[in-house]
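This report refers to the structure that appears directly beneath it.
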Amino acid sequence: MTYIEFFDKTASENISACLTYAPERVIYVGDNSKLMKKHIANYEKVFRARGYDIEFLFKTVSKSNLDNAVEVLSMIVEEYDDCVFDITGGEELLNLALGIVYSEYSHKNIQIHKFNLRNNSVYDCDKDGNTIYKDTPVLSVEDNIRIYGGEIAYSTPDEEKTYLWDMSEDFLRDIDLIWDICKKNVRYWNMQIGILEAVEAVGSVSEGLITVAPIVAVEQHLSRCKARYKVARGIIAYLLKNGLLISYEDNGETVKVAYKNEQVKRCLTKAGQALEMKIYKTAKYLTDGEGMPVYNDALNGVVIDWDGELHDESVEDEYDTENEIDVMLMHDIVPVFISCKNGYVTSDELYKLNTVAERFGDKYSKKVLVATSISDFGEMGKYLRQRAEDMCIRLVEGVQYMDDAELEKKLKNLWIN
């Protein structure tokens, strides 16, 4: 079977048919040969990883020359049997050319269909009652990044990149405990986590889970962030009571902190991680009315390398253009990009979120800002809301006041317009 795709800059439209039923070959038809070659290399990587050996080809046509378009499509139909045209994307001129070709080659059993990727429906455009639609088109977070030419940078022992959490039952409980403590007072929480971050930055680590640091060094580190060493005793007490911290000792000269395990330590030594993990965990395990997962894939702290080439940044002149998305979800083929802010938010965060989402999801991307404190910003809060609306960024505010049922309800429909 041969698929003919009218090439579009939106990558998901170019591969939706392949994701439902893999063909022998795909032929892209468009006016930009350089761009088609670049996209094909991305698609080959994705389908090769899935175990499919699909032949990807392309044909160049003029987007303003109907006769040329008819000629190219006619040559394809004459050369290959079982041609299936997907008109989900591409230039409108090609649809007109296809109509002419379809009429002239009615004996060739040409199939024409179009996908609606927002509701996973397919339209039988040739009205013969047959479509090649078999499976729901689905992409993982990694696949979605790859079809747009990027790559996920995963964490190594000496790097802080995309970390794959072990979502054990014990850790799931720890996430809820951490969030329950955080949301009691997000301002004090952020202050205390800032202290733990500083302790890790300047202290010495023993066996990975115990860190000791001079308070003077901690204070100096905090001063660079315009913060000061003032322990939120209530937060520490809750962390100790729930076993998230094994001990917290401050003798006036040094501070010594012992954590339950490595994953809890990661959650307690990075600003905003508590909110990120609550959103990630909640979305990851959401189900619909039939008990099916709402999101087929979810990742936290997704570090995206823009050109798909991961360099050794310890080597001079080798640098990657990277962005981090706090939480990324996939509902079938629709990507959801979420920025989580457990404190102050600037308009820069909106622009960054918008840029990354449009680069790696184009018109199908959904953009969400989950925040705790926008209402505290006064006029700045009004400005942020207006900018978010202008960029089609959905706001989920006041999550610290929501119970689990309310939060689940908010997150269930993020993929819908």
Side-chain angles (χ1 to χ4, degrees), residues 116-121 136 138-141 144 165 167 169 171-186 189 267 272-302 325-343 345 349-350 353-354 357 361 364-377 381-382 384-417:
N116 183 331
L117 300 182
R118 291 188 169 89
N119 63 12
N120 281 328
S121 59
T136 299
V138 172
L139 288 171
S140 67
V141 171
N144 185 83
W165 300 93
M167 302 296 278
E169 289 297 323
F171 185 55
L172 292 176
R173 287 191 292 271
D174 287 340
I175 291 172
D176 286 336
L177 286 171
I178 289 169
W179 174 243
D180 285 344
I181 298 169
C182 169
K183 71 179 186 178
K184 292 178 189 298
N185 191 315
V186 295
W189 174 269
C267 292
Q273 193 69 60
L275 175 58
E276 289 181 30
M277 293 308 295
K278 183 62 178 179
I279 299 302
Y280 168 60
K281 178 232 177 184
T282 303
K284 182 177 177 67
Y285 296 104
L286 277 177
T287 56
D288 60 20
E290 298 178 352
M292 299 300 293
V294 174
Y295 300 104
N296 54 278
D297 197 18
L299 279 180
N300 163 247
V302 186
I325 293 296
D326 295 332
V327 178
M328 188 169 171
L329 311 172
M330 294 298 303
H331 177 86
D332 297 333
I333 205 169
V334 176
V336 182
F337 298 80
I338 304 176
S339 177
C340 300
K341 293 301 165 189
N342 197 30
V345 187
E349 293 298 330
L350 299 178
L353 175 62
N354 187 64
Y364 292 105
S365 65
K366 305 301 176 186
K367 299 163 284 188
V368 183
L369 174 63
V370 177
T372 58
S373 306
I374 291 181
S375 296
D376 300 336
F377 299 163
K382 295 179 181 179
L384 285 170
R385 290 190 184 92
Q386 184 59 56
R387 295 304 298 135
E389 183 178 347
D390 294 342
M391 297 183 200
C392 298
I393 296 174
R394 181 181 298 194
L395 294 181
V396 179
E397 298 186 55
V399 289
Q400 71 271 39
Y401 307 120
M402 299 179 188
D403 60 24
D404 285 352
E406 290 174 299
L407 182 58
E408 288 174 5
K409 185 176 180 180
K410 288 285 186 181
L411 300 184
K412 264 187 179 180
N413 65 352
L414 297 181
W415 63 274
I416 301 173
N417 289 340

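This one's a predicted model, so the numbers in the text were calculated from it and none came from an experiment. Basis for what follows: all heavy atoms, side chains included, without hydrogens, waters or symmetry-related copies.
- For the pair Leu407 and Val399, the minimum side-chain heavy-atom distance is below 4.5 Å.
- By the 4.5 Å heavy-atom criterion applied to side chains, Gln273 and Asn300 are counted as neighbours.
- Within the structure, the salt bridge (Lys or Arg N to Asp or Glu O under 4.0 Å) test picks out the following pairs touching residues 280-290 (sequence neighbours left out): Asp176-Lys281.
- By the ring pair (Phe, Tyr, Trp, His ring centres under 6.0 Å) test, Tyr364 is found to be paired with no residue, residues two or more places apart in sequence or in another chain being considered.
- For the 3.5 Å distance criterion, the side chains of Asn354 and Arg387 fail to qualify, holding no donor opposite an acceptor.
- Without hydrogens or angle criteria, Glu406 side chain to Asp403 main chain gives a donor-acceptor distance under 3.5 Å.
- Counting heavy-atom neighbours within 6.0 Å of Lys410 NZ, excluding the residue itself, gives a total of 12 or less.
- Pairing each heavy atom of Asn144 with each of Ile333, the nearest pair is OD1-O, 4.5 Å.
- Within the 4.5 Å cutoff, the side chain of Trp415 has heavy atoms near those of the Val294 side chain.
- The shortest distance between side-chain heavy atoms of Leu329 and Lys366 does not fall below 4.5 Å.
- Going from atom OH of Tyr280 over to atom OH of Tyr295 covers 14.5 Å, rounded to the nearest 0.5 Å.
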Val336 and His331: CA distance, side-chain angles, deciding distance, side chain to side chain contact (heavy atoms under 4.5 Å, CB included) verdict: CA-CA 8 Å; Val336 182; His331 177 86; 5.5 Å; no
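- Between the CE atom of Met402 and the CD atom of Glu397 there is a distance of 8.5 Å, given to the nearest 0.5 Å.
- When side chains are defined from C-beta on, Pro335 counts as touching Met328, because their heavy atoms get closer than 4.5 Å.
- Separating the OG1 atom in Thr282 from the CG atom in Leu172 is a distance of 10.0 Å, to the nearest 0.5 Å.
- Between Asn342 and Cys182 the shortest heavy-atom distance is ND2-SG, 3.3 Å.
- Ionic pairing of Lys278 and Asp404 is present here: one or more N-O contacts between side-chain nitrogen and carboxylate oxygen are shorter than 4.0 angstrom.
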Yes or no on side chain to side chain contact (heavy atoms under 4.5 Å, CB included) for Lys412 and Leu286, after CA distance, side-chain angles and deciding distance? CA-CA 7 Å; Lys412 264 187 179 180; Leu286 277 177; 3.9 Å; yes
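- Between Val186 and Ser373, the shortest heavy-atom contact is CG2-OG, 4.3 Å.
- Annotation for Asp326 and Cys340: closest pair OD2-N, 2.7 Å, computed over non-hydrogen atoms.
- Side-chain contact between Trp179 and Gln400: present, with at least one pair of heavy atoms (C-beta onward) separated by less than 4.5 Å.
- Note: Lys367 NZ to Ser339 OG = 13.0 Å, rounded to the nearest 0.5 Å.
- Contact check for Glu349 versus Ile393: no side-chain heavy atoms found under the 4.5 Å cut-off.
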Step by step, would you call Val396 with Ile338 a side chain to side chain contact (heavy atoms under 4.5 Å, CB included)? CA-CA 10 Å; Val396 179; Ile338 304 176; over 6 Å; no
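- Under a 3.5 Å cut-off, the side chain of Asp332 and the backbone N or O of Asn296 do not form any donor-acceptor pair.
- Minimum interatomic distance between Glu276 and Val327 (heavy atoms only, all atoms of both residues): O-CG2, 3.8 Å.
- Atom CD1 of Ile374 and atom CG of Leu395 lie 5.0 Å apart (nearest 0.5 Å).
- Closest heavy-atom contact between Ala283 and Leu411: N-CD1, 4.1 Å.
- Leu353 is not listed as a side-chain neighbour of Val368, based on a closest heavy-atom distance of 4.5 Å or more.
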